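Note sheet for the following structure.
Bear in mind that the values here come from a model prediction, so they are computed numbers and not experimental data. Note that the numbering runs from 1 along the sequence shown for the chain. These numbers come from the heavy atoms of this one structure, side chains and all, not from hydrogens, waters or symmetry mates.
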Amino acid sequence: ENERAAKVAAEAKIQQEEARLSEIARQRNREQMLIKAEREIQKQMKNDNLERLKRKQEFRHKETLKRVQENEERTKALLQQKEDLIRMRRKNAHKAKIEKDRLLSVLEQSKAGCSIHTLLKQVSINENNMDLN
């Protein structure tokens, strides 16, 4: 009977030890799962941060391109205005020279002794020609 009691006690001790080892294994497994989950969360946070930085950089790049394009368009418009102004000034200078030459011609004719009627007729013809141009 002692032997039987010792055997039962030994079996109970083995079962307790197995239960303790099983609990330790379960706790280790749980800790490993928590560590793995934490690593995955950190990895996801890192990826999210990288994506956010990429979007921010892409936005800045697009804004820079937009400003460059707006500056180019403004520069082209200013250059066109400058060319138009130069063209208009040349045209006006040309008209002024023609008018000056016409008036000098009339003045020369008046010095040469042409009649007033002829001079007025000459001025009138030249003015009509200027209007047509």
Verify the neighbour count for atom CD of Gln57: are there more than 12 heavy atoms of other residues, nucleotides or ligands below 6.0 Å?
no
Less than 4.0 angstrom from a charged side-chain N to a carboxylate O is my criterion; do Arg102 and Glu99 meet it?
yes
To the nearest 0.5 angstrom, please state how far the CZ atom of Arg20 sits from the NZ atom of Lys13.
11.0 Å
Calculate, to the nearest 0.5 Å, the distance between atoms NZ and CG belonging to Lys46 and Asn49 respectively.
10.0 Å
For Arg26, side chain to side chain contact (heavy atoms under 4.5 Å, CB included) partners two or more places apart:
Glu23
Give a yes or no on whether a salt bridge exists between Lys97 and Asp101, defined as a side-chain N under 4.0 angstrom from a carboxylate O.
yes
Going by side-chain heavy atoms closer than 4.5 Å, which hydrophobic residues are tied to Ile35, directly or by a chain of links?
none
Testing the 3.5 Å rule here: is there a donor-acceptor pair between the side chains of Asp48 and Gln44?
yes
Linking Ile, Leu, Val, Met, Phe, Trp and Tyr through side-chain heavy atoms less than 4.5 Å apart, which residues share a cluster with Ile41?
Met45
Sequence neighbours left out, what passes side chain to side chain contact (heavy atoms under 4.5 Å, CB included) with Asn29? Give chain and number order.
Met33
Assess, by modelled atom type and distance only, whether the side chains of Asn92 and Arg89 contain a donor and an acceptor separated by less than 3.5 Å.
no
Using the test salt bridge (Lys or Arg N to Asp or Glu O under 4.0 Å), find all partners of Glu58 that sit at least two apart in sequence or belong to another chain.
Lys62
Approximate separation, where rounding is to 0.5 Å, of Thr64 OG1 and Arg60 CZ
9.0 Å
Other residues, nucleotides and ligands only: do more than 12 of their heavy atoms fall within 6.0 Å of CD on Gln69?
no
Going by atom type alone, with no hydrogens or angles, which donor-acceptor pairs under 3.5 Å involve a side-chain atom of residues 80-87 and a protein atom two or more places apart or on another chain?
{"from": "Gln80", "atom 1": "NE2", "to": "Asp84", "atom 2": "OD1", "distance (Å)": "3.0"}
{"from": "Asp84", "atom 1": "OD1", "to": "Arg87", "atom 2": "NH1", "distance (Å)": "3.0"}

State which residue, out of Arg55, Glu63, His61, fulfils the side chain to side chain contact (heavy atoms under 4.5 Å, CB included) condition with Phe59.
Glu63
Would you find a donor on one side and an acceptor on the other, under 3.5 Å apart, between the side chain of Ser22 and the backbone of Glu18?
no
Should the pair Glu73-Lys76 be classified as a salt bridge under the 4.0 Å nitrogen-to-oxygen rule?
no
Do Glu38 and Leu34 have side chains that approach each other closer than 4.5 Å (heavy atoms only, starting at C-beta)?
no
Kindly indicate whether the side chain of Lys91, heavy atoms from C-beta on, has any atom under 4.5 Å from the side chain of Lys95.
yes
